[in-house]
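Letters go in sequence order (proteins before strands), and every chain restarts at 1.
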Amino acid sequence: MKAKTVETTYREALREALREALREDERVFLMGEDVGSYGGCFAVSLGLLEEFGPERIRDTPLSESAFVGAGIGAAIQGMRPIVEVMTVNFSLLALDQIMNNAASLLHMSGGQYDVPVVIRMTTGAGRQLAAQHSHSLEGWYAHIPGLRIVTPATLEDARGMLATALRDPDPVLIFEHGSLYNLKGKLRADAGAVDIDHAAVRRPGDDVTLIAYGGMLARTLEAAEALDAEGMSAEVVDLRTLRPLDDATIIGSVRRTHRAVVVDEGWRSGSLSAEIVARIQEQAFYDLDGPVERVCSAEVPMPYAQQLEAAALPQVDSIVAAARRTKG
Amino acid sequence: MKAKTVETTYREALREALREALREDERVFLMGEDVGSYGGCFAVSLGLLEEFGPERIRDTPLSESAFVGAGIGAAIQGMRPIVEVMTVNFSLLALDQIMNNAASLLHMSGGQYDVPVVIRMTTGAGRQLAAQHSHSLEGWYAHIPGLRIVTPATLEDARGMLATALRDPDPVLIFEHGSLYNLKGKLRADAGAVDIDHAAVRRPGDDVTLIAYGGMLARTLEAAEALDAEGMSAEVVDLRTLRPLDDATIIGSVRRTHRAVVVDEGWRSGSLSAEIVARIQEQAFYDLDGPVERVCSAEVPMPYAQQLEAAALPQVDSIVAAARRTKG
Amino acid sequence: MTADPLDLLGTMLLIRRFEERCAELYSNGQIRGFLHLYVGEEAVATGICAELTETDSVVSTYREHGHALARGVPLESLMAEMFGKVSGCSRGRGGSMHLFDRSRRFAGGNAVVAGGLPLALGLALGDAMQGRPAVTACFFGDGAMAEGEFHEVLNLAVLWRLPLLLCCENNLYAMGTAIAKEHGRTELALRAASYGATAWPVDGMDAIAVNRAAAQAVDEIRGGSGPVFLELQTYRFRAHSMYDPDRYRTKDEVARWRERDPIELLAARLRADGSLDDDALAATDARVTAQVAAAIEQAERGEEEAVAELTRFVYSESSTAAGSVR
Amino acid sequence: MTADPLDLLGTMLLIRRFEERCAELYSNGQIRGFLHLYVGEEAVATGICAELTETDSVVSTYREHGHALARGVPLESLMAEMFGKVSGCSRGRGGSMHLFDRSRRFAGGNAVVAGGLPLALGLALGDAMQGRPAVTACFFGDGAMAEGEFHEVLNLAVLWRLPLLLCCENNLYAMGTAIAKEHGRTELALRAASYGATAWPVDGMDAIAVNRAAAQAVDEIRGGSGPVFLELQTYRFRAHSMYDPDRYRTKDEVARWRERDPIELLAARLRADGSLDDDALAATDARVTAQVAAAIEQAERGEEEAVAELTRFVYSESSTAAGSVR
Ligand SMILES: Cc1ncc(C[n+]2csc(CCOP(=O)(O)OP(=O)(O)O)c2C)c(N)n1
Ligand SMILES: Cc1ncc(C[n+]2csc(CCOP(=O)(O)OP(=O)(O)O)c2C)c(N)n1
Ligand SMILES: [Mg+2]
Ligand SMILES: [Mg+2]
């Protein structure tokens, strides 16, 4: 018998996850700019103020460093804060608190101070928001020890990652891609917490492994379809969690396909794609038929003009072309 | 006939470079915390206040974001600011100004606003300063388009990189490794500006390429000596400039040696070493005898205890061991 | 010296008509990205910029059409930028939030709230160190004052007596957050004064009052006073951005403020003292409306930047790093 | 309720002797890294912490030995941490700048100036949201007040009426930068008051005055006043850190302040009112000196953390991520 499903969107799935967390644990609260009366800059928290009140749906002034730090402190003091930083672009203002407090306190204190804070932010380009509103820094954040970084790309993960993140004893950063909020689809009516330790094979294949996450997953799956039509069977791995990386799933797939393409919306040099390439060649060098290919964003502050932005981002055809190149 | 040389230190070489820049161009000034009356937190600018006065050797309050931004603005307005951020650890507080202004203004403005600012900071571990004073984030900064990142590892570069950076029309970040200030040695009396476009082969070799920079260069050269004794001839490449990377020198060497080890003080995952590995396998895959090895810092907030810090950092023996592994 | 009220009126009308058309163009998809309208706040940019000279500098925010127009950036290059055309003031790279015109020392739209303040501090420092009498005017909102950058910048500006004109556009909201939820003390001019800056509140709906305040502030700054902070009390008639459903304030509140429309206030005053009649007003309106229409036509015909140019301007053309961009 | 002056004296002496020995141990290489001494400022930590209860929290800086000792963190575990031993309060990971003791709600040394303020704000928020009557005391310096974090945190604390005791240790210098070069306005208590916080200056060399101020502040905060800011006017007798050649101030200035040594001031006062005599003072001194000596011996004998433990505590033991650290 098939499980009952409901029509929903990525945005509604995130909201439902927030609502559930707020209902089930009184230590949970949401804090950030315009999460309350405005309803969330991308309407994710719309209606929650009315349901849970201003104590638990806390509007903050423009003070990223202070309210992110406040989330860290409140977590230490026994609460389960969900801090929303409107977009990753503005999180730079809170980076000292994230790296030097959230990620370091446990170790600096010799294991005494764990920091169960969850920080949500929107990431990514594709909406012509130009240089200061289009960064994809989630892979860059994945460099920081002590953090867990997750990137929901599906309705299931949008619905389920928050609950698991809240149970995590350490800081978790959730990156929601701005282009996914309106993603529509069916979701199991009983959908809930999901694993955040493993990558997922979203599409099985034999000839090449396409590795992606977040905002790049959909176009990577499209590329896989296109490759199929050409007789190249592509396996698509959704990283889901960028730190720690699930080497087993990545390497396991590449060992079978002998070819890989990493798709990463980050700027190419020093992006997470480089780390994945490094790990593949460290762990599966002799299984590779050729170099691992990378499809990343052009190394430019994202331009506004539509054709320039499109050219700066990984696209289906550039992914397909890279996959073809792996056949040499 | 041999050129005249003088005994000097890395610190004195940096100071001489500052003094020369201040003498030769009245648009140049030095700004940062305690660069004046204190003499610089690592005594680099000692004596400059007396020589050039408080207008050009500007002590600032603890306001990293404001004075780094002020350097950016002053550069646009026609000055040639040298901004000192005491250490890279504190530069996180100025990251918005560095990424969203310094690195982005030229592109956002369609080519109108170039930003000839130079930002100096101390980086690196090794002095038991623990988690908040031991980051090596220069490789992480190298992810940002629009910046040039240089890392003097020798007296020549300590003496010569500043002048070239000041002539660069774009923002340049100079990372001085804290363990190098007392480095002693001989320097040509007429030493001056050096190229900041190319990596340098610090030691020729045939069997393996060891790639390092900054604080890791000395121990990598030591490792090369040790390998020599074992009959393994190691070539040592000093990256010098982390962005843009000099692929030609790196790849050229690996094409000859067929083996490579990247030594990077950054945390392993997502460090610059990953980008170098990715580029080597992209550009020289078929020349490689085996996987490129990486020797990086352990992924921990740097601990205080001597034995723990030492264990967290790349050491001569770990570099030697990695080189041996490349022989399979 | 203060400006001719008729010029102020013309500039405000130009800004108004420009943005009304932008809103239409946004709705039919010809302008994309984020669009933050200044409707209702025109007296601020207009009154301030009228007191600035060519050698002064201006730093703005993402809500910057008014500042750019008041500064004299040609509306053709602004409209072309809204369309993302290569003839735009930022060659199509910036869009609505990143308008730049170096020839007019318009150092652009900064879309990170308070991110323009450190930059403006530096422009003022650069002028001061080169002995120029120039002033840097930096526009920012009531919300921006809560950011640490504001604190660091004002303290440094006072400490170094820099020629900085801080124009705080207090429109009572930061997106959907009312000022009472942004600040423990909402008397923003008093807050600024506590740093040692000259600071006072100004009726931001009265273009002449703003212009007088600007004249006095610029005078003091050129006289060496160090930074001056003006709290320009105004209101945004439209939503925060085109995305904003405007749920957080009442229709009444908006209606009450609309009764103090800066354009109508000034027009009424000029009518009263006889320096303006309906024909003159209609003529001005027709003129700016036509200018905007012409700019739109030109922008529509404008060329798109070639995709091959994508990697330009990451590094300066003269830099050896220019070739490294992939 | 205020503390027994004799206890205050004992605590100050303990801090003084502890640090005098630390300085020696640093010189002969047994303590490494950075070492920031509190000598001269003991009355501040002592007077404040005496008014805190078990359920209150404390956030400190890199100049934290005094705060930790006054808070009651066992000196054995502190000295062991200075030596980097596994018996140290941070298991040897933190050293002088990162002393932690969760059982005493001592949330540690933060070595990024002003970095402890947002954390302290959160501790206070957490207590408030859970309806606890607890206060969070956050120590920071005059230099830290120039950082944006100070501004953001004080504004939020006032806005949300949080139980935060802001203890600004104004020792007139930020490293080598004199306060007049740090702040456009140097009346720090006035600056804080402008945010809407209760704030006043206190003679930080007078342990009893500090203790009285702390008692009043803690009272007000527990009564729901929201944050209180105390400007504790003090002076550091020694250099900023063991690296600092102390070039930026005159010997005279230091000598003048040394005449107001907080320990001698209090001792003199207690002698005057007959509650202390030379023998009693000598006995106390001997006691704390012996305690410190014993702690050093113990620390020297302490075990070093095994290198195999390096990757512990990056993630919690219970986390599935713990195994991922390389
Ligand atoms: C650092 C930062 N945080 C958040 C945002 C998102 N944001 C854009 S405008 C805005 C409100 C700013 O309010 P105010 O400073 O009063 O200016 P106004 O929009 O009212 O003119 C916010 C929160 C941003 N752009 N930058
Ligand atoms: C953000 C940051 N910038 C710079 C430093 C280097 N630094 C350490 S202490 C200090 C001076 C701090 O002065 P103050 O806040 O008055 O405290 P004090 O040392 O006088 O107790 C500086 C500049 C730092 N640790 N953090
Ligand atoms: Mg506003
Ligand atoms: Mg101080």
Q: Would you mind telling me which of A:P244, A:S109, A:A103 has the largest number of heavy-atom pairs within less than 4.5 Å of chain D?
A: A:S109

**Q.** Any donor-acceptor pair under 3.5 Å from D:R102 side chain to A:Q112 backbone
**A.** yes

**Q.** Test side chain to side chain donor-acceptor pair (under 3.5 Å) applied to A:D34 - qualifying residues, sequence neighbours left out
**A.** C:T177

Q | Residue selection (most heavy-atom pairs with chain D, distance under 4.5 Å) from A:N101, A:N100, A:I72 | A | A:N101

Q: Heavy atoms only, distances under 4.5 angstrom: which of A:G69, A:P171, A:G110 has the most pairs with chain D? Name it, please.
A: A:G110

Q: Could you look at D:A107 and say if it's the side chain, the backbone, both or neither that has a heavy atom under 4.5 Å from chain A?
A: both

Q. Got a second to check how far A:H107's NE2 is from D:H98's NE2, nearest 0.5 Å?
A. 11.5 Å

Q. Non-hydrogen atoms of chain A under 4.5 Å away: do they reach the side chain of D:D101, the backbone, both or neither?
A. both

Q) Given D:M129, which of A:M79, A:R27, A:E26 fulfils the side-chain contact (heavy atoms from CB on, under 4.5 Å) condition? A) A:M79

Q: Answer with side chain, backbone, both or neither: which region of D:F150 has an atom nearer than 4.5 Å to a non-hydrogen atom of chain A?
A: neither

Q) Pick from D:N155, D:L119, D:V86: which one has the most heavy-atom pairs with chain A under 4.5 Å? A) D:L119

(Q) So A:M108 and D:R93, do their side chains get closer than 4.5 Å, heavy atoms only? (A) no

Q | Proximal to chain D - members of residues 51-64 of chain A, heavy-atom separation under 4.5 Å | A | A:E55, A:R58, A:D59, A:T60, A:P61, A:S63, A:E64

Q) Where along residues 304-320 of chain D does a heavy atom come under 4.5 Å of chain A, listed by residue number? A) D:L310, D:R312, D:F313, D:V314, D:Y315, D:S316, D:S318, D:S319, D:T320

(Q) Does either side chain, that of A:S65 or that of D:E152, offer a donor lying less than 3.5 Å from an acceptor on the other one? (A) no

Q | A:R243, part contacting chain D, at a heavy-atom distance under 4.5 Å | A | side chain

Q. Side chain, backbone, both or neither: which part of D:L159 has an atom under 4.5 Å from a heavy atom of chain A?
A. side chain

(Q) With heavy-atom distances below 4.5 Å as the criterion, would you say the side chains of A:F29 and D:L125 are in contact? (A) yes

Q.
Using heavy-atom distances under 4.5 Å, tell me whether D:V112 contacts chain A through its side chain, its backbone, both, or neither.
A. side chain

Q: Hey, could you give me each pair passing side chain to side chain donor-acceptor pair (under 3.5 Å) that has a residue in residues 127-142 of chain D? Not counting sequence neighbours.
A: A:Q77-D:D127, D:D127-D:R132, D:Q130-D:R132

Q. Taking all atoms of both residues into account, what is the closest heavy-atom pair of A:Q97 and D:G115, and its distance?
A. NE2-O, 3.1 Å

Q | Interface residue of largest heavy-atom contact number with chain D, from A:P145, A:G111, A:G146, under 4.5 Å | A | A:G146

Q.
Please rank D:S90, D:G95, D:G126, D:S57 by heavy-atom pairs under 4.5 Å with chain A and give me the top one.
A. D:S90

Q: Provide the closest heavy-atom pair for D:L156 versus A:A66 in the form atom of the first, atom of the second, distance.
A: CD1-CB, 3.8 Å

Q | Portion of A:I196 that has a non-hydrogen atom of chain D nearer than 4.5 angstrom | A | neither

